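We count ligands from 1, going down the list as the structure has it; atoms in each ligand are counted the same way. This is a predicted model, so every value here is computed, not measured. All values below come from the heavy atoms of this structure, side chains included, with hydrogens, waters and symmetry mates left out.
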Amino acid sequence: MGVEKKMSKPRFDVISIFPEYLAPLRLSLVGKAQENGLIEIGVRDLRDFAEGLHKSVDDTPYGGGAGMVMSPEPWARAIDEAAAGKEGSHELIILTPAGKKFDQGMAYELATKEHLIFACGRYEGIDYRVTEHYALQPDFTVREISIGDYVLNGGEVAALVILESIIRLIPGVIGNPASLDEESHSLVGEDEEQLVEYPSYTKPSEWRGLAVPSVLLSGNHGEIARWRAAQSEIRTKKLQK
Ligand code: SAM
């Protein structure tokens, strides 16, 4: 299941103090999607929006405590510039381990949006007034998103994870869109529960003493579909233990 066709070309802006971290966006299917004009990606260096000799983007936390907090003004300048580059409404994604946990359902939802701006935090994170300020702007929706219950040094890796999972759902990015239908977290079982994919095999039919399940060589499509559905259920149940 891909997503419906969009009104205009989706655009993704990423803001970070380490723009080099986003270099993988030029590779593979995501890179090709840009070359083919299906999507646009912009990466901004937060320091370009900082002032002063040292282009400082952080300061000590009010209330005390360890670490530094990212100052709001450079973020607002960078976000405003990103927003000015695309007409319409903007989804501001603030990456934080304190956010809502990312999943395939969220990927499908975000893949229908025309403009996503990713704020990659560092240090102890971004002054919370950035979240509050943009939540008050009528043309912005703010989402705080986490990619899992662990703490990274920065949001760049999280942005890469989310971007890759969204962009592959955009029509035309994956050559054969049918391959999206039978994937883990898109498959649903008889009870409408989300399933992971069945195990896959390729040639040779025997490898290091291990044979491919004979049903897959039978040519009986009904039997193969039933076997795969059963395997998906078994694998999903194993994960729940
Ligand atoms: N002090 C923060 C806390 O305890 O919630 C953690 C800050 S973390 C060291 C620095 C930055 O990494 C965050 O601002 C965020 O952008 C990013 N980050 C860390 N873990 C993340 C996760 N699980 N999901 C998304 N972003 C994460």
I'd like to check which ligand 1 atoms, numbered from 1 as shown, lie under 4.0 Å from a non-hydrogen atom of [X].
{"X": "Gly155", "value": "12 (O), 16 (O), 17 (C)"}
{"X": "Tyr150", "value": "20 (N), 22 (C), 23 (N)"}
{"X": "Tyr123", "value": "7 (C), 8 (S), 9 (C), 10 (C)"}
{"X": "Gly121", "value": "11 (C), 12 (O), 14 (O), 16 (O)"}

Are [X] and [Y] close enough for a salt bridge, meaning some N to O gap below 4.0 Å?
{"X": "Asp103", "Y": "Lys101", "value": "no"}
{"X": "Arg47", "Y": "Asp45", "value": "no"}
{"X": "Arg77", "Y": "Glu73", "value": "yes"}
{"X": "Arg235", "Y": "Glu197", "value": "no"}

Identify the closest protein heavy atom to [atom]: which residue and atom is it, and at what distance?
{"atom": "atom 24 (N) of ligand 1", "value": "Ile147 N, 3.0 Å"}
{"atom": "atom 14 (O) of ligand 1", "value": "Gly125 CA, 3.4 Å"}
{"atom": "atom 26 (N) of ligand 1", "value": "Thr96 N, 3.5 Å"}
{"atom": "atom 13 (C) of ligand 1", "value": "Leu95 O, 4.0 Å"}
{"atom": "atom 4 (O) of ligand 1", "value": "Pro97 CG, 4.7 Å"}

Contact partition for Asn153 relative to ligand 1, non-hydrogen atoms under 4.0 Å: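 Contact part for Asn153 vs ligand 1: backbone (N, CA, C, O).
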When rounded to the nearest 0.5 angstrom, what distance separates CG in Asn220 from CZ in Arg226?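 Reported value, rounded in 0.5 Å steps: 7.0 Å.
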Sub-4.5 Å side-chain heavy-atom contact between [X] and [Y]:
{"X": "Leu110", "Y": "Phe102", "value": "yes"}
{"X": "His185", "Y": "Tyr108", "value": "no"}
{"X": "Phe140", "Y": "Ile79", "value": "yes"}

Heavy-atom gap Ile145 to ligand 1 smaller than 4.0 Å: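 Flag set, Ile145 near ligand 1.
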For [X], is at least one N or O under 3.5 Å away from an N or O on ligand 1?
{"X": "Gly148", "value": "yes"}
{"X": "Val151", "value": "no"}
{"X": "Glu124", "value": "yes"}
{"X": "Ala158", "value": "no"}
{"X": "Ala119", "value": "no"}

For the residue pair Ser218 / Glu223, report whether a side-chain donor-acceptor contact shorter than 3.5 Å exists.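 Note: Glu223 and Ser218 side chains miss the donor-acceptor criterion.
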Residue pair Glu144 / Thr96, side-chain donor-acceptor N/O under 3.5 Å: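 No - no donor-acceptor pair under 3.5 Å links their side chains.
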Carefully, step by step, assess Tyr123 and Ile17 under the rule side chain to side chain contact (heavy atoms under 4.5 Å, CB included). CA-CA 11 Å; Tyr123 319 124; Ile17 57 166; 3.4 Å; yes
Nearest to atom 8 (S) of ligand 1 by heavy atom, Leu152, Val161, Val157: which?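 Going through Leu152, Val161, Val157 one by one, Leu152 has the nearest heavy atom to atom 8 (S) of ligand 1.
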Given the protein's heavy atoms, is any one of them under 4.0 Å from atom 1 (N) of ligand 1?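 Answer yes: something from the protein, a heavy atom, is under 4.0 Å.
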